[in-house]
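A quick write-up on the structure given underneath.
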Amino acid sequence: MIAKYRRITIEIVVGILLIASFYFLLSARKKSIWPRDRVVADTGHRQIMGTFARIVAVAMDQNTAEKCAEAAFNELHIVDNLMSHYKADSEISKVNRTAHKEAVKVSRPVFDLLQKAIEFSAQTDGAFDITVGPLVDIWRLAEQKNSTPTEAELAEAAAKVGYEKLILDAQSRTVRFAADGMHLDLGAIAKGYAVDLATEAMQKAGAIGGLVDVGGDIRVFGYPPRQKNVWVIGVQDPARASETIVPSLSILTLKLINAAVATSGSYYRFTLIDDKKQSHIIDTSTGTGIKAVSSVTIISTNTTDADALATAVSVMGPEKGLALIETIPDTEAILILPGPEFKQLQTSGAQKYIKKQLANP
Ligand code: AMP
Ligand code: MG
């Protein structure tokens, strides 16, 4: 009898101890006092991919943190060298020069990203379209001449645009154009893809946390620096937009754990003709710059998707864009409409990511 009571008492004490240690671990994790010895390497802003990139690596020793940050930057350079249509010797430039004549073999990463881009085109009814190149060129030329392109010029460029004219062959891993004069512009997805690969490189190199930011396409994972629980990311206020590399004027801040965020902002990059701003994001159905939104921020699990969807929703506009994002799991959108009101709209699950609303929506 006494032995039985003793056993029950021991079981109760062990149970209490287990529950207590569980709560201790939970609260320790919440306060992020564990691991307390983490160190940080912060590269600051460096110029790459036509914009600025910053990498923050968190590790248990300085040497590893610095190695992780450099591994991530290295990955950004690799993607840039493969995907940039500004670099004459990139694979995409080779495709642009040759694919109207013959099928061009490309590397696995380029092929996979092209395939993904076509999937986004199909999903967004062509709002997202990496064959937009000829229209981008026409507006760049128009800016140089400071004169709006004619209807005929726009129609001629539009005839060379259309993702259904981009032919991929998975077996031979080749790319072919169905029309002369086509060319690819991966500006709306390559940065996000580069951020994803840089994040993986940092994780492989031993980081326990990190942030990769390429021109506002951002991914965070693991432990944030300085005993924090979440990564805090600012979303630039289009009403107070500046072209500084560190946007200090945020409309809101986001709290993120293992997440990606990308913003497409027409306030930041545009062409200027006759003092009129024209968004760098083009609605391929009209051949002109989008007008319906000032910025679109997408929160997702990876930056490739966030980047492509931010551009797509910019073209689709608030109604169709928000409806699309509502159907995609683990994905939210925050839209800011054009001024002077700069009204803010968001998907039903976006609020949980908003840490602070800094300016009135
Ligand atoms: P982002 O800043 O990610 O929205 O990408 C914008 C860039 O993507 C532009 O500067 C163009 O190079 C390219 N682009 C423009 N319009 C489109 C479009 N409708 N679909 C895909 N890419 C586009
Ligand atoms: Mg994009």
Side-chain angles (χ1 to χ4, degrees), residues 49-53 79-80 83-86 92-93 96 113-114 116-141 143 154 157-158 160-164 166 182-196 213-219 235-236 238 241 243 260-272 277-300 302-317 320-321 324-325 331 333 335-336:
M49 301 185 97
T51 183
F52 290 90
V79 175
D80 195 20
M83 316 273 182
S84 170
H85 61 280
Y86 294 108
I92 291 299
S93 290
N96 285 344
L113 193 63
L114 294 182
K116 196 137 207 195
I118 289 184
E119 283 166 24
F120 278 116
S121 294
Q123 188 183 19
T124 62
D125 231 353
F128 179 87
D129 194 334
I130 56 164
T131 68
V132 72
L135 284 167
V136 173
D137 280 358
I138 236 173
W139 283 103
R140 193 176 300 128
L141 212 70
E143 185 174 38
L154 283 177
K160 299 169 194 158
V161 174
Y163 71 96
E164 67 291 342
L166 173 61
M182 284 177 67
H183 66 258
L184 306 180
D185 176 338
L186 295 187
I189 193 170
K191 287 198 278 293
Y193 179 70
V195 170
D196 281 335
D213 174 357
V214 180
D217 289 356
I218 300 168
R219 183 147 166 198
V235 174
Q236 195 169 346
E243 289 190 26
V261 57
T263 298
S264 280
S266 297
Y267 54 86
Y268 182 56
R269 279 165 60 209
F270 46 82
T271 48
L272 200 60
K277 280 183 184 176
Q278 151 102 359
S279 173
H280 66 297
I281 301 168
I282 291 173
D283 180 346
T284 54
S285 68
T286 61
T288 57
I290 60 115
K291 295 182 188 79
V293 294
S294 190
S295 81
V296 174
T297 298
I298 300 285
I299 303 156
S300 173
N302 68 86
T303 338
T304 309
D305 292 6
D307 190 3
L309 290 171
T311 310
V313 170
S314 302
V315 178
M316 294 171 91
K320 280 192 189 160
L324 170 73
I325 301 302
T331 309
L335 276 62
I336 299 169

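Note that ligands are numbered from 1 as they come in the structure, with each ligand's atoms numbered from 1 the same way.
- Under a 3.5 Å cut-off, the side chain of W139 and the backbone N or O of G287 do form a donor-acceptor pair.
- Ligand 1 has no nitrogen or oxygen under 3.5 angstrom from a nitrogen or oxygen of I130.
- One finds the CD1 atom of I290 at 9.5 Å from the CD atom of Q278 (value rounded to the nearest 0.5 Å).
- No donor-acceptor pair under 3.5 Å is formed between the side chain of D217 and the backbone N or O of A262.
- Some N or O of T311 is nearer than 3.5 Å to an N or O of ligand 1, by distance alone.
- Here salt bridge (charged side-chain N to carboxylate O under 4.0 Å, His left out) pairs that include residues 289-298, with residues two or more places apart or in two chains, number zero.
- Contacts with ligand 1 closer than 4.0 Å are made by side-chain heavy atoms of V315 only, the backbone lying farther away.
- Ligand-side atoms of ligand 1 in range of I281: 4 (O), 15 (C), 16 (N), range being under 4.0 angstrom from any heavy atom.
- Of the options N96, D137, T131, a side-chain hydrogen bond (donor to acceptor under 3.5 Å, both in side chains) to H183 is made by D137 and by none of the others.
- Within 6.0 Å of atom NZ in K320, 12 or fewer heavy atoms from other residues, nucleotides or ligands are found, so the atom counts as exposed in its surroundings.
- If you run side-chain contact (heavy atoms from CB on, under 4.5 Å) between L324 and each of D125, T331, T124, only T124 comes through.
- Side-chain atoms of D129 and S121 form no donor-acceptor pair, as typed in the model, at a separation below 3.5 Å.
- Distances from ligand 1 to the non-hydrogen atoms of G133 include no value under 4.0 Å.
- Neighbours of the Mg ion (ligand 2) restricted to protein N, O or S atoms under 2.8 Å: the count is 4.
- Listed by number with element, the atoms of ligand 1 under 4.0 angstrom from any heavy atom of D307 are 3 (O).
- To the nearest 0.5 Å, atom CD1 of residue I118 and atom OH of residue Y163 are 9.0 Å apart.
- Interface atoms of ligand 1 facing G187, defined by a heavy-atom separation under 4.0 Å, are 3 (O), 5 (O), 7 (C), 8 (O).
- Judged purely by atom type and a 3.5 angstrom limit, T286 uses its side chain to pair as donor or acceptor with the backbone of T288.
- Between S264 and ligand 1, at least one N/O pair is under 3.5 Å apart.
- At a heavy-atom cutoff of 4.0 Å, ligand 1 is contacted by the backbone of A127 but not by its side chain.
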